[in-house]
Amino acid sequence: MSEYRNRSSGDIKTDSQLRAENKNTSFPKAWNSSVHDALNVDPVLEAPAPSPSGAYKVVVRNGVEQDSKKNWVYAWKEQEMFTEYKDGDDKTVTVADQKTAYDAANTADLASSERSKRDELLKATDHYGLSDVTMSSDMTAYRKNLRDVPQQTDFPSSITWPTKP
């Protein structure tokens with residue numbers, strides 16, 4: 001959905017909103033500078049969001065601004081990811097509580113992802129365990145080491161993957 005900045009008021013509107021405000025106007029499929037002039041608007045161009053500077057920061061849209069070429073582009077601002085608030089039971093939920101829950105969820109997601117990777121590596125060697133195949137001791141050790149990956153000290157943030165024989 002395209003957005004446009006009104007030249008007079010500075011208001012930002014979508015093409016759908018502009019069409020609704022101008023019901024008796026026939027619009028071409030592609031809008032050019034003539035349409036922009038008739039509606040007294042300038043297109044707002046995409047501008048990539050910058051990366052947040054910290055682990056508990058987020059970047060959010062903050063209106064529009066002109067770039068060095070005088071085009072209107074999305075403006076961005078960085079803010080804290082968490083703020084203290086009261087829950088439904090009027091209990092204060094601190095920033096520290098939220099960070100702890102966020103980190104726990106991220107660690108659980110990473111652990112799940114790494115277990116899936118480990119499971120795929122094990123599956124790729126399952127055929128060595130068929131009754132008509134003799135599994136080498138190296139392959140047996142490799143598969144045991146794969147099964148033991150979740151017991152590594154820094155799992156899931158740091159993993160030493162065994163080398164396939």
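Residue indices begin at 1 and follow the sequence shown. Just so it is clear, the values below take in all heavy atoms, side chains as well, and ignore hydrogens, waters and symmetry mates.
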Please identify each residue that fulfils salt bridge (charged side-chain N to carboxylate O under 4.0 Å, His left out) with [X], with sequence neighbours left out.
| X | answer |
| --- | --- |
| Asp15 | none |
| Lys164 | none |
| Arg5 | none |
| Glu46 | none |

Heavy-atom side-chain contact between [X] and [Y] under 4.5 Å:
| X | Y | value |
| --- | --- | --- |
| Asn71 | Gln66 | no |
| Pro28 | Val35 | yes |
| Ser2 | Thr14 | no |
| Leu121 | Tyr142 | yes |
| Val95 | Glu80 | no |
| Pro50 | Val59 | yes |
| Val64 | Val73 | no |
| Gln98 | Met81 | no |

Has the side chain of [X] got a donor or acceptor atom that lies under 3.5 Å from a matching backbone atom of [Y]?
| X | Y | value |
| --- | --- | --- |
| Arg7 | Asn40 | no |
| Asp87 | Asp90 | yes |
| Trp76 | Ala47 | yes |

At what distance, to the nearest 0.5 angstrom, does [atom1] of [X] lie from [atom2] of [Y]?
| X | Y | atom1 | atom2 | answer |
| --- | --- | --- | --- | --- |
| Asn145 | Thr163 | CG | OG1 | 9.5 Å |
| Leu18 | Asn6 | CG | CG | 8.0 Å |
| Leu39 | Thr25 | CG | OG1 | 7.0 Å |
| Thr160 | Gln152 | OG1 | CD | 5.0 Å |

Exercise: identify the closest heavy-atom pair between Met135 and Thr140: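 Nearest heavy atoms, Met135 then Thr140: SD-OG1, 3.4 Å.
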Taking side-chain hydrogen bond (donor to acceptor under 3.5 Å, both in side chains) as the test, write out the residues that go with [X], two or more places apart.
| X | result |
| --- | --- |
| Glu78 | Ser53 |
| Asp154 | none |
| Arg61 | Glu3 |
| Asp148 | Lys144 |

Just checking Asn24: does its CG atom have more than 12 heavy atoms from other residues, nucleotides or ligands closer to it than 6.0 angstrom? no
Answer yes or no: does atom NZ of Lys86 have more than 12 heavy-atom neighbours from other residues, nucleotides or ligands under 6.0 Å?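 It does: Lys86 NZ has more than 12 such atoms within range.
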State whether a side-chain donor-acceptor pair under 3.5 Å links Thr94 with Asp97. yes
Side-chain H-bond candidate by donor/acceptor type, Ser136 with Asp138, under 3.5 Å: no
Solution key, residues 110-120 side-chain donor-acceptor pairs under 3.5 Å, sequence neighbours excluded:
{"unit_1": "Ser116", "atom_1": "OG", "unit_2": "Ser112", "atom_2": "O", "d": "3.2"}
{"unit_1": "Arg118", "atom_1": "NH1", "unit_2": "Arg147", "atom_2": "O", "d": "3.4"}

Take Val60 and Gln79 through the test side chain to side chain contact (heavy atoms under 4.5 Å, CB included) and record every step on the way to the result. CA-CA 8 Å; Val60 296; Gln79 65 186 33; 3.6 Å; yes
Side chain to side chain contact (heavy atoms under 4.5 Å, CB included) assessment of Tyr74 paired with Val44: CA-CA 7 Å; Tyr74 295 139; Val44 177; 3.7 Å; yes
Quick one: list whatever passes ring pair (Phe, Tyr, Trp, His ring centres under 6.0 Å) with [X], sequence neighbours left out.
| X | result |
| --- | --- |
| Tyr56 | none |
| Trp31 | Tyr4, Phe27 |
| Phe155 | none |

Test of understanding: clusters of I, L, V, M, F, W, Y form through side-chain heavy atoms closer than 4.5 Å, transitively. Do Leu122 and Val149 belong to the same one? yes
